[in-house]
Structures are given as C-alpha cells and as structure tokens.
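Structure, as structure tokens:
Every number for a ligand or one of its atoms is a count from 1 in the order of the listing. Note that this is a predicted model, so its numbers are computed, not measured.
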Amino acid sequence: MSAQKPQILAVIGQGYVGLPLAMAAVDAGWSVIGVDNLESKVALINGGSSPVEDISDVQLQAAISKGVYRATTDFSLVAEASAITICVPTPLDEKREPDLTLLRNAATAIAPYIANETLVVSESTSYPGTLRDIIIPIVNSLKPKDSLAVYFVSAPERVNPGDPVWNLKNTPRLVGAIDEISQQRGLAFYESICDAVVSVSTPEVAEAAKLLENTFRLVNIALVNEFTQLCSASGINVYEVIDAASSKPYGFMPFRPGVGVGGHCIPVDPLYLTWWARKSGGKAEFVESADAINHGMPKYVAERALDMVDASIKNPKVLILGVAYKPGVADVRETPVSELRDHLKTLGADVAWYDPLVPAWEGSKPVDLDWDCDVAILATKQPGMNVGQLIAKGVLILDCTNSLTAQAGVSSL
Ligand SMILES: NC(=O)c1ccc[n+]([C@@H]2O[C@H](COP(=O)([O-])OP(=O)(O)OC[C@H]3O[C@@H](n4cnc5c(N)ncnc54)[C@H](O)[C@@H]3O)[C@@H](O)[C@H]2O)c1
C-alpha cells in the first residue's frame, strides 16, 4: 500500500461476503469503512447486530467500539481508502442471464471519490472480462481528474457460509490484475489478510477459475442425480454404490443426490458461464445439460413420491419436510423445493410443508409435523426434525437425504 496513506479499506456491500471481509481486515490491522446502499442494514450493523451467521454480534461490537469499523451509506467516504473491494450481488435477471446492475451501480457510486493510487478489487462472482470490460471503463470515465493511478484486481471470494473449517483467512485467494503494478498491490493487500495468495496472470483467469469451481460442483451433482435415476430403475441402492466407489483412494470424489441444487451460488454461477459461452459464439453444452438434469430432479422426486400413494386417491396429501436449500440454515434462495411443490400441485396433489428453521416461505406458512398426509417427502433434513414420529405413525416417506435407515414405509432416492 502507499506509504503516505493510512491503512483504510472500504468494502462495498455488507453481506455474506463483505462483512466477513471487513472483520478479517480489522483483525489484520486495517481500519474499515463498510458501505452498503441499504439504510436498514447499515443501521442494524452500526447498532451491533450482525446480519450474517459467520460474524457474531460480539465481534462486530468490538470492532465498532474500537473505532476500527463503521458502516455507512455514504459513498463519498471511500475517498479515505487506499483499497476498495466490491462485494455486491451478481444475480440472474428474469431471462436467467447475468444481471450486473448492482455491480455497475457500485462502480458508478465509488468512481467520483476514488483517490490517487487506490486499489480497486472486484470480489463478486462474474464471467471473465467483467473487471476489464465493465468495472474499469466505468471507474476510469467517472474518477476525479486528480486520481491519476487506480490499480485494478479481480479476487473472487470463495467463502462457504457456515463452514466450521474453511474461512476467508485460511482459504487461498486468487489474485489476477490488469498490469504488474496492480498485481503487486493486490498481492500485498491479500497477503495482509489471507494465509495464502495465488497469483494468476490476468483477471480473466481469476474470474474463470471461480466459475469453474462452482460449475464443477453443479456437474458432479448432476452426474450423481442422473446416476441415481438409473440405479433406482434397476433396483440398485445408489448410496451403497457411492460408498463403494469412494473406497478408491484416488480419482474419485463423492457427491450425493437430492431434490436439486439451491442457494445463490451453485444454481446461479454456471449460468454466468453458459451465457458467457454463448456471447463468445460457443456453447457450454455439458454445463447446460447438467443444469437441465438438476432441474429435472424435482419432477422425478414428485413422481416417485406420488407413485408410493394408493392410485385410487385422486388428490393425495403430500407433506414436504424441509424447504431450505441445505440442512442447518433457514436460507430458501433458489431452493429446488419450490419446483418440487409446483410439480406436485400440477400432478394434482394437495401440498403442505414443515421446516423448523423457516417461519414462512413464498407466501405460505408451515403446518405441524402431524399434518395428516398420504406421503411425506424428506427434502432437507433439518436439525430438530423428528421424522421418527412420522415413521412410528406409519406415514409413507420418500427420503431424498439418505438420513433414514431402511425400514417399512421408507423409500430412498
Ligand atoms: N455468499 C456466498 O457464499 C458467496 C461465496 C462466494 C462468492 N459470492 C459472491 O459474492 C457476491 C456478494 O454476495 P453476498 O452473498 O455477499 O450477497 P449479499 O446479498 O449477502 O450482500 C450484498 C450486499 O450488497 C449490498 N448492495 C447491493 N448493491 C449495492 C451497491 N450498489 N452498493 C452498495 N451495496 C450494495 C446489499 O444491500 C447487500 O447488503 C456475489 O457476486 C456472490 O456471487 C458469494
């Protein structure tokens, strides 16, 4: 960092990525300004309440009371920073294509205040070329005339919320810049915060690597979902097959089947890749096929569950157990259970749901676990969910989580 400047970092976006980064930088001796355009979130954070599970209120309050962290909606404060990291969402639009509106807004909002010699980093997940083709032109066209040198780096975040082992500090960080001096600035910045930093030759390599990492998960989950359907049709227990294959000490990594993929990363990021492929005149057929297979799972699960019900029942009552996209969280973003519910309804079922961590979901409320049903689908095994109570009552259950032992009335995927 510039010798004349205090170590002030501005983090744009105070969510799952931005707030943990702010706290890790505080731990590393930085003074941090957390900028977010949502006033209510800024007020919550400045009041000492953390909006993300990975940061405790105690940690946040300590940083605020030491005067080394504050949240703000005022973008002009980035003028004090020698480094600015952009950590805003990169969702899909209604056509399920990349929506970089928030990223553009963030670049536009910081640009007029950027001081000379500032490092600007994009941590948001996006397709290759986002830093060079979107962020840099915006910043360069709007920056103050006297900010002669601005250094640009892509360093995609790899955080896995709720992971007890891997965090921002001990997960190696990719750094790719547009030129040598930006690379040196970027490496020095992340070396001050992370245990290991991996230097790559361009921002596009870092951006592409992030898409590869998440697409790797998507296609492997699709493979096992497809494989599950094949095994099930032949009466083979897929979980036993996966365990058997896992005994190979090299070249195999186990993935488990389920209702589909959820959360805001695995279902979303590969669509950045397929869009980028089309834009470049190519086609990511393998990835598109994986996405289609995963999106076929909710229908497959719905049909499997209804097959378990007596055919004379016209409108079977189906109870979905667990609607969050993974166990232990209340997060329902992109949950495949939405598609499962819709397929069940299309097939004539009367559907209700139960999830001890989710108080409301898509305009509906949960029912009690003892809701009278013809079949239950265990979609996500939440802690504290007493499925044994249903088994004891003789309720038919389709287990999509492999968490119930084989017994009468219980089928697995
Ligand atoms: N959450 C994860 O597990 C994870 C992991 C790796 C990468 N990522 C990527 O990191 C990025 C951020 O994701 P997240 O999960 O932290 O999102 P988030 O929704 O938790 O938080 C983003 C924050 O940015 C704020 N914001 C939106 N637009 C803004 C703007 N123009 N200026 C200032 N603040 C703005 C929002 O109010 C919100 O508080 C995305 O690109 C995501 O794909 C997320």
Per-atom contacts of ligand 1 with Lys210, taking only distances under 4.0 Å to non-hydrogen atoms: 6 (C), 7 (C)
Say whether Glu117 and Tyr151, considering side chains only, have a donor N or O and an acceptor N or O under 3.5 Å apart. yes
Which ligand 1 atoms, with their elements, are less than 4.0 angstrom from a heavy-atom of Thr90? 40 (C), 41 (O), 43 (O)
Which residue owns the protein heavy atom closest to atom 3 (O) of ligand 1, what's the atom, and how far is it? Pro161 CD, 3.0 Å
Around atom CD of Glu240, are there more than 12 heavy atoms of other residues, nucleotides or ligands at under 6.0 Å? no
Who's the nearest protein heavy-atom neighbour of atom 20 (O) of ligand 1, and how far? Tyr16 N, 3.0 Å
Heavy-atom closest contact (Asn116 atom, Ala149 atom, distance): OD1-N, 2.8 Å
Hey, is ligand 1 close enough to Val17 that some N/O pair sits below 3.5 Å? yes
Those atoms of ligand 1 less than 4.0 Å from some heavy atom in Glu157: 6 (C), 7 (C)
Atom 37 (O) of ligand 1 sits nearest the protein heavy atom Asp36 OD1, 2.7 Å
Give the residue and atom name of whichever protein heavy atom lies nearest to atom 21 (O) of ligand 1, and the separation in Å to one decimal. Gly15 CA, 3.2 Å
Minimum non-hydrogen distance to atom 12 (C) of ligand 1, winning option of Asn105, Val88, Leu102, Ile45: Val88
Any atoms of ligand 1 less than 4.0 Å from a non-hydrogen atom of Ala106? List them with their elements. 31 (N)
Using heavy-atom distances only, which candidate in Pro89, Gly13, Gly34 approaches atom 27 (C) of ligand 1 most closely? Pro89
Consider only side-chain N and O atoms of Ser246 and Asp243, and report whether a donor and an acceptor are under 3.5 Å apart. no
Which heavy-atom pair separates Asp93 from Asp99 by the least distance, and what is that distance? N-CB, 3.8 Å
Pull out every atom of ligand 1 sitting under 4.0 Å from any heavy atom of Lys41, numbered as shown with elements. 38 (C), 39 (O)
Give a yes/no on ligand 1: does Cys87 have at least one heavy atom closer than 4.0 angstrom to it? yes
Among Asn37, Asn160, Val159, Asp163, the residue with a heavy atom nearest to atom 28 (N) of ligand 1 is Asn37
Would one find an N or O of Asp269, backbone or side chain, under 3.5 Å from an N or O of ligand 1? no
Considering only the protein, which heavy-atom contact is closest to atom 43 (O) of ligand 1, and what is its distance? Thr125 OG1, 3.3 Å
Between His264, Glu213, Arg104, flag the one that comes closest to atom 2 (C) of ligand 1 by a heavy atom. His264
Carefully, step by step, assess Thr228 and Asn225 under the rule side chain to side chain donor-acceptor pair (under 3.5 Å). CA-CA 5 Å; Thr228 297; Asn225 277 336; 5.0 Å; no
Residue Ile12 vicinity, atoms of ligand 1 by number, heavy atom under 4.0 Å: 32 (N), 33 (C)
Does the separation of the ring centres of Trp30 and Phe189 fall below 6.0 angstrom? yes
Is it the case that the ring center of Tyr127 lies less than 6.0 angstrom away from the ring center of Trp275? yes
N/O of Glu123 under 3.5 Å from N/O of ligand 1, yes or no? no
Are Glu157 and Thr125 close enough that a side-chain donor and a side-chain acceptor fall under 3.5 Å? no
Testing the basics here: between Leu390 and Leu369, what is the closest heavy-atom pair and its distance to 0.1 Å? CD2-O, 3.2 Å
Do Glu334 and His264 get their side chains close enough for a donor-acceptor pair, meaning under 3.5 Å? no
Could you tell me, atom by atom, which parts of ligand 1 come under 4.0 Å of a heavy atom of Phe75? 32 (N), 33 (C)
Could Arg341 and Trp361 be counted as a cation-pi pair, given that NZ or CZ must be under 6.0 Å from the ring centre and within 45° of the axis? yes
